[in-house]
Amino acid sequence: MFDLMYNTIFFASYGNVYGLSNIAISSFDVLLAYIVTIFVSIIFSLILRIPLLPSKPYRYSFDVSAIYPTPIIAAGVFSIFLVLNYTFMYNGIVLAIIIGILSALFVKYLFDFVFPKPLDGDEGEDI
Amino acid sequence: MNEVIGIIIAAILCWLNFVIVDTYFGLPEQPGVKGARIIGENVEKRGGDIAGGFFQGNIVCSPDASAGTLIASIGYLLLGIPGGIIAAFFVFIGNRLCADPGYAGTVGSLTATIIIFICSFAGFTPEMFIVGMVIAILTIQGIDHKRASILLGKIAEKFNRHA
């Protein structure tokens, strides 16, 4: 009678942007909060003197920069808060600013401790 | 939309997405870790192309745009667009744990999220992209290493990323 799995997947996937998550704020506010968290993370990491671009060659650089890991971390952590429907006040803008600042601080001070660079450049560890 | 047609089109879209993103970010150019080099040289020994071999080895050894596309489809199925962005974040963590800078994986999952969002207006569902991505990886890794590596080497030459 109740095909729970089918119904769940059907409702989750019918062309919607929210899926199974119960986001209470409107999609315009979600978009605005994403833009705010990305901009705040980039600007605050520039204030902390993280370089804007990774060192050359860009495609093989392990260095952190303001453009590459910081907005990804900020947007990812903000998405986790969003799908748990914890948006704090002003439709998530305050939370977006806090997460942007914290992710810039994380990239500046803790990133190399949590994700250390590989020892031997391109080759990885010896067998 | 008919499921079979949707899966076929989604497989083509996923294949193009991950091959273009991975090739642009230089997977065929050099092996990121030692395991990728061993796989690439082994594929070349059997008559394949060294750039395609490095591509296949890099896909095996760390989560690149192929894994990013698959995880982004699963995240979109469960949580919508925020799920795709969470997938990019997790793929980035996985990349750094696998001694990989992680540009290809994060960009691949973000582009996959955008593709699924655009295609959802045409009646595609994220399940179709999950099945399509499994089929797309099967054509690269599962059926014939030699011919797949030669094809990937030709694509790498077009992008000026040959080893």
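Note that the structure is a prediction, hence the values are computed from the model and not measured. Sequence lines set the chain letters: A, B, ... in the order given, protein chains first and strands last, and positions in each chain run from 1.
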Quick one: does any side-chain atom of A:Tyr68 pair with a main-chain N or O of B:Gly102 as donor and acceptor, under 3.5 Å?
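Yes; judged by distance alone, with no hydrogens or angles, the pair exists.
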Gap separating the CD1 atom of A:Ile72 from the CD1 atom of B:Ile93, nearest 0.5 angstrom
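Nearest 0.5 Å value for the CD1-CD1 distance: 11.5 Å.
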Minimal non-hydrogen separation, [X] against [Y], with atom names:
X       : Y       : value
A:Ser79 : B:Ile86 : CB-CG1, 3.4 Å
B:Pro82 : A:Val83 : CB-CG1, 3.6 Å
B:Phe92 : A:Pro69 : CZ-CB, 3.6 Å

Quick check on the interface: out of B:Leu110, B:Ile116, B:Thr106, who has the most heavy-atom pairs with chain A under 4.5 Å?
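Looking at each of B:Leu110, B:Ile116, B:Thr106 in turn, B:Thr106 comes out on top.
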Within a radius of less than 6.0 Å around [atom1] of [X], do more than 12 heavy atoms belonging to other residues, nucleotides or ligands occur?
X        : atom1 : result
B:Glu3   : CD    : no
A:Phe115 : CZ    : yes
A:Phe39  : CZ    : no

By the side chain to side chain donor-acceptor pair (under 3.5 Å) test, which pairs, at least two apart or in different chains, include something from residues 99-114 of chain A?
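Pairs touching residues 99-114 of chain A that pass the test: none.
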Side chain / backbone / both / neither for A:Phe78 at chain B, heavy atoms under 4.5 Å:
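Contact with chain B: none, neither part.
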Less than 4.5 Å to any heavy atom of chain B: does that hold for the side chain of A:Phe111, its backbone, both, or neither?
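Only the side chain of A:Phe111 comes within 4.5 Å of chain B.
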Using the rule that two of Ile, Leu, Val, Met, Phe, Trp, Tyr join whenever any of their side-chain heavy atoms come within less than 4.5 Å, decide whether B:Phe159 and B:Ile150 are in one cluster.
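Per the 4.5 Å side-chain linkage, B:Phe159 and B:Ile150 are not co-clustered.
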Do B:Ile143 and B:Leu151 belong to the same hydrophobic cluster, where Ile, Leu, Val, Met, Phe, Trp and Tyr are linked whenever their side-chain heavy atoms lie under 4.5 Å apart, directly or via other members?
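They do not share one cluster, since no chain of ILVMFWY contacts under 4.5 Å joins B:Ile143 to B:Leu151.
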